[in-house]
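The structure under discussion appears below in the form of structure tokens.
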Amino acid sequence: MESRNNPDDVALSSQERLALWRIEAELRQDGRPARRMRHSVARPWLPPLVAALTCASLLLLVVGVLTSDSAVLWCLAALWPITLLLTFRMLHRPAGAADRTRP
């Protein structure tokens with residue numbers, strides 16, 4: 001017996017409906033998609049922070065080159081990896097979010 005009461009007007013046999021029901025039940029039990037959706041919270045503070053850290057790093061780079069002061073160079077050495085890490089994290093988020101929304 002065929003069923004036509006689904007929104008896509010696709011006729012499914014009873015075996016197909018049972019298989020679909022089993023797949024949906026397994027997906028409901030799997031908590032990974034729900035965790036991914038919880039962790040994909042927007043971080044509006046990340047782009048301004050990356051911009052500020054980039055400006056500070058460039059300023060320290062210029063001052064460090066001009067003065068050769070070891071304290072300035074150590075500050076640059078500490079700040080630059082943090083800036084790169086946050087930049088990669090900021091750029092990675094939109095790509096990961098776009099992959100998850102594809103059908």
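Values below: every heavy atom of this structure, side chains too, minus hydrogens, waters and symmetry copies.
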With clusters defined by side-chain heavy atoms of hydrophobic residues (ILVMFWY) lying less than 4.5 Å apart, directly or transitively, does [Y] cluster with [X]?
| X | Y | value |
| --- | --- | --- |
| Ile82 | Val72 | yes |
| Leu91 | Leu46 | yes |
| Leu27 | Trp21 | no |

To the nearest 0.5 Å, what is the distance between [atom1] ([X]) and [atom2] ([Y])?
| X | Y | atom1 | atom2 | answer |
| --- | --- | --- | --- | --- |
| Cys75 | Leu59 | SG | CG | 11.0 Å |
| Thr83 | Leu53 | OG1 | CG | 4.5 Å |
| Leu73 | Ser68 | CG | OG | 6.5 Å |
| Trp80 | Leu60 | CH2 | CG | 11.0 Å |
| Arg22 | Glu26 | CZ | CD | 9.0 Å |
| Leu79 | Leu58 | CG | CG | 10.0 Å |

>> Thr87: which residues meet the side chain to side chain donor-acceptor pair (under 3.5 Å) condition with it, sequence neighbours left out?
In response: none
>> Around atom CD of Glu24, are there more than 12 heavy atoms from other residues, nucleotides or ligands closer than 6.0 Å?
In response: yes
